[in-house]
Amino acid sequence: MDKIIVENLSITYSDGVESLFDINLRIPIHQITALIGPSGGGKSTFLRVLNRLNDLADVTKTTGKVLIDGIDILDPTQDVIALRRKVGIVFSRPLPLPLSIYQNVSYGLELMGEKRKTVLDDAVERALRLAELWDEVKERLHDPANSISGGQQQRLCLARTLSLQPEIIMLDEPTSALDPVSTAKIETSLIELKKDFTVIIAPHNTQQAGRIADHVAFFLQGKLIEFSSAEDIFTRPKDVKTQDYISGKFG
Amino acid sequence: MKENQTRIFEKIITRTIQFSGYSSILFVLLILFFLLSEGTPALFDVPLSQLFSERWYPIEDYYGILPLILGSLVVTLGASLVAVPFGILTAVFIAEIAPKWLQEIMKPLVELLAGLPSVVLGFLGILVVSPFLRDTLNLPTGLTALTGSLLLGGIAIPTIVSISEDALNNVPESYRHGSLALGLTRWQTIWGVTVPAAKSGILMAVMLGVGRTIGETMTVMMVTGNAPVVPTTLQALFMPIRTMTATIASEMGEVATGSSHYHVLFFIGIVLFLFTLLVNVIASNISSRKLKRSERILS
Ligand SMILES: Nc1ncnc2c1ncn2[C@@H]1O[C@H](COP(=O)(O)OP(=O)(O)O)[C@@H](O)[C@H]1O
Ligand SMILES: [Mg+2]
C-alpha cells in the first residue's frame, strides 16, 4: 500500500531555479525509502515538501500533488500543524534544545497540553527506547541535553520526533556527523521503526541506503532518475546515470 | 636592530594600554572616595533617626531622606511595570513576528528613541502627558509619580527592546525550525522555545533598562512635581513626588560647600550609588550565568 503518492511535483525557489522537476513517486507504507543522489539534487527540498517546512523557505512556486493517505497536503486549507505532527523530521545536525534530556523529549507533548506526569514519563521512556537511547541515558534524564555526545544527541532528536507519535518519519542525512557506533544504532532503530512507521531517509552515502533501504529513489539535479526496490537499484539499475552513481563514477 | 625596535614598540603599546586600564580603575576609586568623604560626614551632622525620617525640608534643617528614597523607588517601579512588558513584547514582535520590511523600519526607530535627550522627553511630559493625565483623571496637577513612571518607562523601553531583541536574534534558527517541524504552532514556539532560550539576555535587558531609570534625572525633575512626600497608599501615584536624583540636581547648585545640607546631598548620592550598584551586580550575575551556559554548550 502507498502511504504517499507524489504526482507531477515541481518546485521553484525564489532565485528562479527549478529545484524539483515533475516528480512522480509512490512511497510504500511500513518500509524504508531512501533518497540518494549527489548534493543539490533536491532530496532535502523533497523532504521539506512532505511536511510543508518549505513554507518557511523562499519557495515561490509549488505545483503538482502530494497525497498522504489520499489527502493533498499542498492544499492551502491543509492544517500544517497537524501535518507536521503526522510527518516528523530529523535534521542532519543534532539540534537539541537547551533543556534537559527528559525535557527535550517531553516538551512537545507538554506544549500540546499534556500535564500528567505519568503519561509524560511513559512517553519519554517509550520514545527513548525506540531511538535506542534509553539504556545510555536512563540514569541521567535530567542532565542538560548538550552533556551527551553528538551521536546520542541525534538519537535524542529522533526520540523527540517519535514522542509525538507521527506516522511518517523523515531523516535528512541523520548520520552525516556521527560516529560509527551511533550510526549503527540509528540504523538498527530505523529497521525496528518501520514496523510501525513509514520511514524516508536521505542517507549521506549509498552504503547506508544499501544497508537499510527497501526502496531507493535516485535524484539528480532536481529530477527523479530512477525509483525501484533497493535490490534492483543496486544490482540492475536501468538508467546509466544511476549505474554511474552507484558505482561511484560521480557523487 | 629591527627586532629590537619592534620590541620597544610592543613595550610602549603594552604600557599605554596598561596605563589606560589602571587609570580607569583609579578614576572610579577617586570618585568613590570623593563621594564617601563628602557623604559620610552627614552621618555625624545629622542623627541617624532624623536622616531616615519622613521630612525633607533643608531650610529648617529637616534632612529626612526617606521620602526621596521611596519616591525614587515608586517611580522606578512604576516605570518597570510599564517598560518591562511593553519592551519585551515589542522585542518579540520585532524579532519574531514582524515582516522584514517592518523590522527594517522599527529597529532604527527604537534606536532613535534611545537617543532622545531626556530633557526633550521632559518637555513632552510637561506639554502633553501631564495635561492629558490631569484632564482625563481629573487631578489637581498633572505633575505626578504616574507621569514620571510613564515617561521613565519610555526611557527604559528602547534599552529593553534592543537588548532583548539581540538576545532573541541570537537564538539559533535551528531551535525554531526544530520546534515548528514538531508541529508546534508559532506561538508555542515563541513562548515555549525562543523566549526561554533568550531568557538570560532578556533578564539582562530588563536590569539595564531599570538601571537607567534609577539614575535618570532630568525627566523626573521636570514632570514629577518634586514634592517630598512619603508615598503610603496607591493614591500617591496620582500625586507629586520627589526622587533622589531630582533633589541632588536641583539643590546641589545652591548649597554652601561643607554644610550639613551639602553632606546630606552627597549621602543621597551614596544611597543612589548603592541602588545602581545592586542592579548592576544582578545584571552582571545574569550575564555571567549566560556565559557559563554557552560554555557548557560549546564543550
Ligand atoms: N532555501 C533555499 N532557497 C533557494 N534555493 C534552495 C534552497 N534550498 C535548496 N535550494 C536549491 O535547491 C536545489 C536542491 O537542493 P537540496 O534540496 O538541498 O538538495 P540535496 O538535499 O539533494 O543536497 C539546490 O540547487 C539548492 O541550491
Ligand atoms: Mg540535503
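Residue numbers start from 1 in every chain, and the chains themselves are labelled A, B, ... in the order their sequence lines are given, proteins ahead of strands.
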Is the closest basic N to carboxylate O distance between K194(A) and E192(A) below 4.0 Å?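 Salt bridge absent between K194(A) and E192(A).
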Whether K117(A) and D121(A) form a salt bridge (side-chain N of Lys/Arg under 4.0 Å from carboxylate O of Asp/Glu) is what I want to check.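 Salt bridge: yes.
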Most heavy-atom pairs under 4.5 angstrom with chain B, which of L111(A), T161(A), I89(A), V90(A)?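 Highest number of pairs under 4.5 Å: L111(A).
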Return the option, out of R93(A), E110(A), R84(A), R160(A), with the maximum number of heavy-atom pairs under 4.5 Å with chain B.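 The answer is R84(A).
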Which residues pass the side chain to side chain donor-acceptor pair (under 3.5 Å) test with K61(A), sequence neighbours left out?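 Checked K61(A) against side chain to side chain donor-acceptor pair (under 3.5 Å); zero matches.
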Checking heavy atoms, do the side chain of [X], its backbone, both or neither come under 4.5 Å from chain B?
X      : result
L53(A) : side chain
P96(A) : backbone
L97(A) : both

As a test of understanding, state which of L158(A), I200(A), L47(A) forms a side-chain contact (heavy atoms from CB on, under 4.5 Å) with L171(A).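 Output: one option passes, namely L158(A).
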What residues, two or more places apart in sequence or in another chain, satisfy salt bridge (Lys or Arg N to Asp or Glu O under 4.0 Å) together with E173(B)?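 With sequence neighbours excluded, E173(B) shows a salt bridge (Lys or Arg N to Asp or Glu O under 4.0 Å) to R176(B), given in chain and number order.
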T189(B) portion near chain A, given a 4.5 angstrom heavy-atom threshold: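 Looking at T189(B), nothing touches chain A.
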